[in-house]
**Student:** 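Before we start, here is the structure in question, set down as C-alpha coordinates.
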Amino acid sequence: MCIDIAHEALRSGRVLDLHFEALSQCVEVHAIGWDLHGQPTVLGWVVADSSIPKQRDGWKLIRLDRALSASVSGARSIAPRPGYASGAEALAEVLFKL
(Lines give C-alpha, C1' and ligand atoms only; values in the text may rest on other atoms or scores of the structure.)
Protein backbone atom coordinates (compact mmCIF):
# COMPACT_ATOMS: atom_id res chain seq x y z
CA MET A 1 0.00 0.00 0.00
CA CYS A 2 1.23 3.50 -0.83
CA ILE A 3 0.87 4.70 2.78
CA ASP A 4 3.42 2.13 3.93
CA ILE A 5 5.86 3.12 1.19
CA ALA A 6 5.37 6.84 1.92
CA HIS A 7 5.98 6.12 5.62
CA GLU A 8 9.19 4.27 4.76
CA ALA A 9 10.37 7.28 2.70
CA LEU A 10 9.58 9.63 5.61
CA ARG A 11 11.20 7.38 8.21
CA SER A 12 14.35 6.78 6.17
CA GLY A 13 14.78 10.39 5.01
CA ARG A 14 14.46 9.43 1.34
CA VAL A 15 12.46 10.85 -1.56
CA LEU A 16 9.17 9.17 -2.48
CA ASP A 17 8.73 8.43 -6.19
CA LEU A 18 5.07 8.45 -7.21
CA HIS A 19 3.89 7.38 -10.65
CA PHE A 20 0.54 8.44 -12.05
CA GLU A 21 -1.06 7.78 -15.43
CA ALA A 22 0.29 10.94 -17.04
CA LEU A 23 3.23 11.94 -14.83
CA SER A 24 5.70 11.02 -12.13
CA GLN A 25 6.60 13.08 -9.08
CA CYS A 26 9.50 13.03 -6.64
CA VAL A 27 8.22 14.06 -3.23
CA GLU A 28 9.95 14.90 0.04
CA VAL A 29 7.34 13.60 2.48
CA HIS A 30 6.56 15.86 5.45
CA ALA A 31 3.27 14.36 6.67
CA ILE A 32 0.98 11.44 5.82
CA GLY A 33 -2.67 11.11 6.71
CA TRP A 34 -6.24 11.41 5.54
CA ASP A 35 -7.69 14.40 3.70
CA LEU A 36 -11.08 15.93 4.43
CA HIS A 37 -12.73 13.29 2.19
CA GLY A 38 -11.08 10.35 3.93
CA GLN A 39 -8.50 9.68 1.19
CA PRO A 40 -4.88 8.75 1.97
CA THR A 41 -2.79 11.84 1.33
CA VAL A 42 0.80 13.08 1.56
CA LEU A 43 1.79 16.63 2.37
CA GLY A 44 5.09 17.02 0.61
CA TRP A 45 7.57 19.15 -1.23
CA VAL A 46 7.55 18.20 -4.92
CA VAL A 47 11.03 18.31 -6.41
CA ALA A 48 10.64 19.58 -9.97
CA ASP A 49 11.85 17.51 -12.89
CA SER A 50 13.66 19.86 -15.25
CA SER A 51 12.56 17.74 -18.23
CA ILE A 52 8.90 18.61 -17.60
CA PRO A 53 7.97 22.09 -18.86
CA LYS A 54 6.42 24.46 -16.29
CA GLN A 55 6.91 22.08 -13.37
CA ARG A 56 8.18 23.88 -10.27
CA ASP A 57 9.35 22.88 -6.82
CA GLY A 58 6.77 23.46 -4.15
CA TRP A 59 4.24 22.28 -1.60
CA LYS A 60 1.51 19.91 -2.66
CA LEU A 61 -1.14 17.66 -1.19
CA ILE A 62 -1.02 14.40 -3.13
CA ARG A 63 -3.66 11.70 -2.92
CA LEU A 64 -1.96 8.35 -2.68
CA ASP A 65 -4.98 6.39 -3.91
CA ARG A 66 -4.49 7.97 -7.36
CA ALA A 67 -0.90 6.73 -7.72
CA LEU A 68 -0.33 3.71 -9.95
CA SER A 69 2.88 2.88 -8.08
CA ALA A 70 5.17 4.22 -5.39
CA SER A 71 8.75 3.53 -4.39
CA VAL A 72 11.40 4.88 -2.08
CA SER A 73 14.14 6.59 -4.06
CA GLY A 74 17.83 6.41 -3.31
CA ALA A 75 17.84 10.23 -3.20
CA ARG A 76 18.04 11.86 0.22
CA SER A 77 15.24 14.17 1.29
CA ILE A 78 16.28 17.54 2.68
CA ALA A 79 13.05 17.91 4.64
CA PRO A 80 11.89 19.90 6.45
CA ARG A 81 11.50 22.57 3.83
CA PRO A 82 10.88 26.23 4.73
CA GLY A 83 7.23 26.90 5.44
CA TYR A 84 6.46 23.46 6.85
CA ALA A 85 3.92 23.63 9.67
CA SER A 86 4.52 20.57 11.82
CA GLY A 87 0.82 20.37 12.67
CA ALA A 88 0.07 19.51 9.03
CA GLU A 89 -3.20 21.44 9.21
CA ALA A 90 -3.95 20.58 5.59
CA LEU A 91 -4.79 17.01 6.62
CA ALA A 92 -7.93 16.03 8.51
CA GLU A 93 -6.02 13.29 10.36
CA VAL A 94 -2.24 12.95 10.58
CA LEU A 95 -0.82 9.45 10.80
CA PHE A 96 2.90 10.28 10.51
CA LYS A 97 4.87 13.53 10.32
CA LEU A 98 8.37 14.91 10.67
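Values reported hereafter were calculated over all heavy atoms of this structure, with side chains retained and with hydrogens, waters and symmetry mates removed. One is the number of the first residue; the rest follow in order along the sequence.
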**Student:** Who pairs with Arg66 by side-chain hydrogen bond (donor to acceptor under 3.5 Å, both in side chains), at least two apart in sequence or on another chain?
**Tutor:** none
**Student:** Enumerate donor-acceptor pairs with a distance under 3.5 Å from any side-chain N or O in residues 32-39 to protein atoms, sequence neighbours excluded.
**Tutor:**
from, atom 1, to, atom 2, distance (Å)
Asp35, OD1, His37, N, 2.8
Asp35, OD1, Gly38, N, 3.0
Asp35, OD1, Gln39, N, 2.8

**Student:** Minimum heavy-atom separation for Ala9 and Val29, please, with both atom names.
**Tutor:**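 Smallest interatomic distance, heavy atoms only, reads CB-CG2, 4.4 Å.
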**Student:** Please assess Ile62 against Leu16 for the test side-chain contact (heavy atoms from CB on, under 4.5 Å), listing each intermediate value before the final yes or no.
**Tutor:** CA-CA 11 Å; Ile62 303 167; Leu16 175 66; over 6 Å; no
**Student:** Kindly write out the residues that satisfy side-chain contact (heavy atoms from CB on, under 4.5 Å) with Leu61, not counting sequence neighbours, or none if the list is empty.
**Tutor:** Thr41, Leu43, Ala90, Leu91
**Student:** Where does the angle between the aromatic ring planes of Trp59 and Tyr84 fall among parallel (under 30°), tilted (30 to 60°) and perpendicular (over 60°)?
**Tutor:**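 Aromatic pair Trp59/Tyr84 classed parallel.
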**Student:** Residues two or more places apart in sequence or in another chain: which of them pass salt bridge (Lys or Arg N to Asp or Glu O under 4.0 Å) with Arg63?
**Tutor:** Asp65
**Student:** Can you name the residues that form a side-chain contact (heavy atoms from CB on, under 4.5 Å) with Ala67, not counting sequence neighbours?
**Tutor:** Cys2, Leu18, Phe20
**Student:** Check for me, please, whether Leu98 and Val46 land in the same ILVMFWY cluster - side-chain distances under 4.5 Å, paths through other members count.
**Tutor:**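 Cluster IDs for Leu98 and Val46 match.
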**Student:** So, for Val72 and Ile5, which heavy atoms are closest and what is the spacing to 0.1 Å?
**Tutor:**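 Of all heavy-atom pairs spanning Val72 and Ile5, the closest is CG2-O, 3.6 Å.
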**Student:** Among all residues two or more places apart in sequence or in another chain, which pass the salt bridge (Lys or Arg N to Asp or Glu O under 4.0 Å) test with Arg11?
**Tutor:**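 Applying salt bridge (Lys or Arg N to Asp or Glu O under 4.0 Å) to Arg11 gives Glu8.
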**Student:** With the side chain counted from C-beta on, respond yes when Ser24 and His19 share a heavy-atom pair under 4.5 Å apart, and no when they do not.
**Tutor:**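 Contact flag for Ser24/His19 side chains = yes.
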**Student:** Rounded to the nearest 0.5 Å, what separation is found between the CD atom of Glu28 and the OG atom of Ser73?
**Tutor:** 10.0 Å
**Student:** So, for His30 and Pro80, which heavy atoms are closest and what is the spacing to 0.1 Å?
**Tutor:**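 Minimum heavy-atom separation between His30 and Pro80: NE2-CA, 3.4 Å.
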**Student:** Which heavy atom of Ser12 sits nearest to which heavy atom of Arg76, and what is that distance?
**Tutor:** O-NH1, 3.3 Å
